[in-house]
Amino acid sequence: MKKSDIHEVYEILEDVYRNMDEPSVTKISKQTRRDPFRVLISCLISLRTKDEVTLAASNRLFAKADTPEKMLTIPADEIAKLIYPAGFYKTKSNTITNICRILLDEYDGKVPDEIDELLKLKGVGRKTANLVVVEGYGRDAICVDTHVHRIFNRLGYVATKTPDKTEMELRKHLPIKYWIRINEILVSYGREICTPVSPHCSYCRLSDICDKVSVDRRR
DNA sequence: AAAACGGGGGC
DNA sequence: GCCCCAGTTTT
């Protein structure tokens with residue numbers, strides 16, 4: 001896939017997304033969108049965890065506390081119990097507590113809206129920082145999670161294994177007006193069509209320009 | 001028993 | 001940039 005094809009690829013994805021009954025991303029993030037704190041915390045929980053499990057764990061936690069102040073009233077080990085099935089509950093609950101402490105002490109209880117500030121928080125990397133900005137604040141950012149990266153990797157748009165490289169390329173070649181939607185579109189596409197294992201290439205509209213079309217295409 | 005799940009951090 | 005790491009659920 002040539003870099004210049006990015007616009008065409010976007011249009012196809014946009015069209016597919018428009019015709020989905022209920023894009024999975026809306027199910028996942030319905031209450032979370034535009035709430036920077038929820039975006040941040042559920043992202044921390046999502047580490048090495050399936051989306052459905054992350055959603056359930058996040059909701060259990062948010063029912064008890066949906067602000068940094070409230071979160072700090074819950075002992076870390078109780079947070080750990082609430083998010084238990086997500087795995088790494090010990091590490092994650094400590095990370096959550098630590099970050100809430102910093103938010104309260106240094107950021108007036110608010111989640112920063114700048115990538116650079118978010119990255120200063122231990123446990124927050126590029127994916128989380130970008131997601132907070134784009135989902136939490138509705139601002140221009142490109143969030144490259146495994147779904148987004150996997151799709152562009154298969155297309156041949158990027159060769160490296162690192163999502164950071166994908167983000168750089170998208171920032172360079174994808175017009176800014178598309179940045180906000182590219183993540184939600186590709187997350188849905190990645191969950192439903194370009195799945196991690198046995199992707200549904202037979203009805204993927206990108207298969208003609210994809211480097212890694214699997215046998216599913218001929219079924 | 002082995003694979004799948006997704007991201008941060010250290011080098 | 002590449003490699004390592006963590007625990008639970010599903011197959």
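Worth saying up front: this structure is predicted, and the values here are computed from it rather than measured. Lettering of chains follows the sequences in order, A, B, ..., and the numbering in each one begins at 1.
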- Message: From the set dG7(B), dT9(C), dC2(C), return the single nucleotide nearest to any side-chain atom of Thr160(A).
- Response: dC2(C)
- Verify the distance criterion only: is there a donor paired with an acceptor across the side chains of Tyr178(A) and Glu11(A) at less than 3.5 Å? yes
- Message: Please report the distance, rounded to the nearest Å, between CG in Leu131(A) and P in dG8(B).
- Response: 10 Å
- Task: When you get a sec, tell me which of dG6(B), dG7(C), dA4(B) is the closest nucleotide to the side chain of Leu47(A)?
- Result: dG6(B)
- Message: From C-beta outward on Tyr89(A), which listed nucleotide comes closest to its side chain: dA4(B), dC2(C), dG7(C)?
- Response: dG7(C)
- Item | Short side-chain N/O contact from Lys161(A) to OP1 or OP2 of dC2(C), under 4.0 Å | no
- Message: Expressed as a whole number of angstroms, how long is the span from Asn94(A):CG to dG9(B):P?
- Response: 14 Å
- Can you tell which of dG8(B), dT8(C), dA4(B) lies closest to the side chain of Pro85(A)? dT8(C)
- Message: Taking any heavy-atom pair under 4.0 Å as a contact, classify Val124(A): base, sugar-phosphate, or nothing.
- Response: sugar-phosphate
- Using heavy atoms to find the nearest nucleotide of DNA chain B for Thr49(A) and Gly123(A) separately, return the residue whose nucleotide is more 5′. Thr49(A)
- So which heavy atom on Leu170(A) is nearest to which on Trp179(A), and how close? O-NE1, 4.0 Å
- Item | Tyr10(A) ring center within less than 6.0 Å of His7(A) ring center | no
- Classify the nucleic acid contact of Pro163(A) as base, sugar-phosphate or nothing, counting any heavy atom under 4.0 Å across all strands shown. nothing
- Query: Which of the following nucleotides, dT8(C), dG7(B), dG9(B), is nearest to the side chain of Ser46(A)?
  - Reply: dG7(B)
- Message: Measure NE2/His147(A) against P/dG7(B) and give the value in whole Å, please.
- Response: 7 Å
- Touch check for Lys122(A), heavy atoms < 4.0 angstrom, all strands: base, sugar-phosphate only, or nothing? sugar-phosphate
- Is any side-chain nitrogen or oxygen of Thr128(A) closer than 4.0 Å to OP1 or OP2 of dG8(B)? yes
- Query: Quick check: does any side chain N or O of Thr49(A) sit under 3.5 Å from a backbone N or O of Leu47(A), one acting as donor and the other as acceptor?
  - Reply: yes
- d(CG, Asn98(A); P, dG8(B)) in whole Å: 16 Å
- Whole-Å distance between dG1(C) C1' and Arg126(A) CZ? 14 Å
- Message: For the P atoms, the ones on dT9(C) and on dG8(B), what distance do you get once it is rounded to whole angstrom?
- Response: 22 Å
- Length of the CG-P vector between Leu55(A) and dT8(C), whole Å: 20 Å
- Picking from dG7(B), dC2(C), dT9(C), the nucleotide nearest the side-chain atoms of Thr162(A) would be dC2(C)
- Query: Would Asn153(A) and Lys212(A) count as a side chain to side chain contact (heavy atoms under 4.5 Å, CB included) if you check the C-alpha gap in whole Å, the side-chain angles of each, and the deciding distance to 0.1 Å?
  - Reply: CA-CA 9 Å; Asn153(A) 192 49; Lys212(A) 301 198 176 149; 3.9 Å; yes
- Note on the structure: Partner of dG6(B) under the Watson-Crick or G-U wobble criteria, both distances under 3.5 Å, comes out as none
- Message: Is the phosphate of dG6(B) approached by Thr54(A) (side-chain N or O, under 4.0 Å from OP1 or OP2)?
- Response: no
- Item | Gap between atoms CD1 and P, on Ile45(A) and dG7(B) respectively (whole Å) | 13 Å
- Message: Check the orientation of Tyr89(A) and Tyr84(A). Use parallel for under 30°, tilted for 30 to 60°, and perpendicular for over 60°.
- Response: tilted
- Take the protein atom CG of Asp164(A) and the nucleotide atom P of dG7(B), then report the distance between them rounded to whole Å. 12 Å
